[in-house]
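Data block below; observations after.
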Amino acid sequence: MDIPGFISTILWPIKWVVELLLVSFHSLFGTLGMDPAEGLTWVLSIVGMVLVIRAALIPVFVRQIKSQRKMLEVAPQLKKIQDKYKGKKDQFSREAMSRETMELYKRTGTNPLSSCLPLLLQMPIFFSLFSVLNDAQKGNAGVGLLNTQLARQFGDAQLFGIAPLHMSFQQATGTGNVAVMVIAVIMVILMTGSQFITQLQIMSRNQSPEAKNSPMFKQQRILLYILPLVFAFSGFSFPLGVMFYWLTSNLWTMGQQFLVIRNMPTPGSEAAKAREIRLAKKGKLNIATASDGSIDHVVLEAPKTTQRQQPVGKNRAKKQGEKK
Amino acid sequence: MKAVALWVFLVPRNLAVLFLRFYRAVISPLYGDVCRYYPSCSSYTLQAIQQRGLVMGSVLGIYRIIRCHPWAAGGIDDVPPARKPHFRVTRFGFVVASSQGKG
């Protein structure tokens, strides 16, 4: 795969960092006594690299949590906007509504959205790893710490001594390497599964009714079922090494998404209702239901005790009142 | 003749429009809502390319994505209006000459 010149210039620093992490983990596992040429060592290096990258993104995640907490304060204003556009499904009303919502977020400093740049940064990482593996297969050195010798070792590394990391399912069918095919199929299933669960969680549980009514949502639902298939098929052409990156990353996202949806759901979504009910069961929230059965608002209240209050006579009651 | 030249002139940006429409229909829904701005980064880039052409539009789009980081305040951020709109945009988003109906 040839990358046009100017894109590879942009990718250079990211590729450099990817190689730095990969080589550092590789030498760490090497000093811990693992065979540096073993496939498992390189797989663990990839996993370590993903964990470091995702852990570095945790501050981003924490920031999101903080603004989600603040969201409670602006909930009444948000509801006002939502009521204003209730039942208006034409494009112009929707646009005006998102415009006003965004304006509110900015004014109050409660923007709950995660921003685009981190997502786009992941793409070059994936791309870099892909090209590092691709180059390594040919024995080409990387741009930084991955020298020719290490690159060749990475390219030649075999998982369990039988499955080369640079090999994809497609290539394996050509050479008749059954081990690669079996590993690839298992990973494609795991990858597709985790991707599907993550998407399903976002779409079915963490979207406000307004978003669910939009025409975009129907489109999303169809894609929810088609895309895993697309991934499954494209997964067959990725080298095993890249798939390990993808799988680890997917699993991390799934866990993180689960926590976010459970603890800081989008206001008005099903997950938010579930959270309110959960909290109410613990006695931390009191739910007031509106006439149509939907949850109207939530009142914070002191936990109720299940212990029966002993009835007291007039005189004793007076005395108790005095005590307090 | 002039119409053909204009059509050729508009080809790069219309290819970009096609690509962005595809992205917005297929890839974007994967992430759900993430952008901290209105219009979203992809919508902003689409409009910028429609109004300013592929080169300037891409520059504006990239600059916008760089600004869309987790510490940005977000909010409303429209494409800076072009001095004079020369073209018409079809319902799909293709840019065509304003006088003629074909595209």
Side-chain angles (χ1 to χ4, degrees), chain A residues 10 57-64 66-67 91 95-123 195 198-199 201-203 206-208 211 214 216-224 226-228 230-231 253 257 261 266, chain B residues 12 15-16 18-51 54-81 89-93:
Chain A
I10 298 173
L57 286 172
I58 286 181
V60 172
F61 176 59
V62 169
R63 198 191 143 76
Q64 220 180 324
K66 281 186 181 157
S67 48
Q91 200 191 349
E95 278 171 13
M97 184 174 145
S98 342
R99 199 171 267 270
E100 273 184 48
T101 311
M102 270 308 170
E103 219 277 313
L104 174 71
Y105 289 155
K106 190 187 180 180
R107 207 174 52 231
T108 52
T110 53
N111 205 321
L113 298 154
S114 62
S115 78
C116 306
L117 193 61
L119 275 177
L120 255 98
L121 279 176
Q122 289 223 17
M123 246 180 258
Q195 183 98 34
T198 309
Q199 267 170 261
Q201 272 186 332
I202 297 174
M203 280 155 76
N206 204 32
Q207 280 191 331
S208 59
S214 69
M216 273 292 275
F217 185 73
K218 262 187 195 159
Q219 213 175 345
Q220 284 183 20
R221 272 215 87 88
I222 299 167
L223 282 169
L224 173 67
I226 295 175
L227 276 166
V230 176
F231 279 128
T253 309
Q257 200 59 249
I261 291 177
T266 307
Chain B
L15 286 176
L18 194 65
F19 171 77
L20 280 167
R21 286 289 303 209
F22 172 79
Y23 171 84
R24 283 169 61 76
V26 177
I27 298 167
S28 198
L30 272 179
Y31 300 129
D33 290 340
V34 292
C35 190
R36 293 173 76 88
Y37 290 96
Y38 184 88
S40 71
C41 287
S42 60
S43 168
Y44 179 97
T45 310
L46 182 67
Q47 288 175 30
I49 288 175
Q50 281 169 342
Q51 291 170 21
L54 183 60
V55 177
M56 264 311 283
S58 303
V59 170
L60 278 169
I62 290 168
Y63 177 53
R64 165 62 174 278
I65 291 166
I66 291 171
R67 281 181 294 144
C68 191
H69 55 79
W71 286 267
I76 295 166
D77 176 53
D78 285 307
V79 180
V89 174
T90 63
R91 259 183 66 192
F92 181 80

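The chains referred to below are lettered A, B, ... by the order of the sequence lines, with proteins before strands, and numbering in each begins at 1. All of these numbers come straight from a predicted model, not from anything done at the bench.
When atom types are taken as modelled, the side chain of B/Arg36 and the backbone of B/Ala72 share a donor-acceptor pair closer than 3.5 angstrom.
Between B/Asp77 and A/Lys106 there is no salt bridge, since no side-chain N of the basic residue sits under 4.0 Å from a carboxylate O of the acidic one.
Atom-to-atom distance recorded for B/Ser43:OG and B/Arg64:CZ is 8.0 Å, nearest 0.5 angstrom.
The interface of residues 44-51 of chain B with chain A, defined by heavy-atom distances below 4.5 Å, is empty.
Between B/Arg21 and B/Arg24, the closest side-chain pair of non-hydrogen atoms is not below 4.5 Å.
Looking at residues two or more places apart in sequence or on another chain, you find a side chain to side chain contact (heavy atoms under 4.5 Å, CB included) between B/Ile66 and B/Ile62.
Closest approach of A/Ser115 to B/Cys68, counting heavy atoms only: CB-O, 3.0 Å.
Neither the backbone nor the side chain of A/Glu100 comes within contact range of chain B; no heavy atom of the residue lies under 4.5 Å from a heavy atom of that chain.
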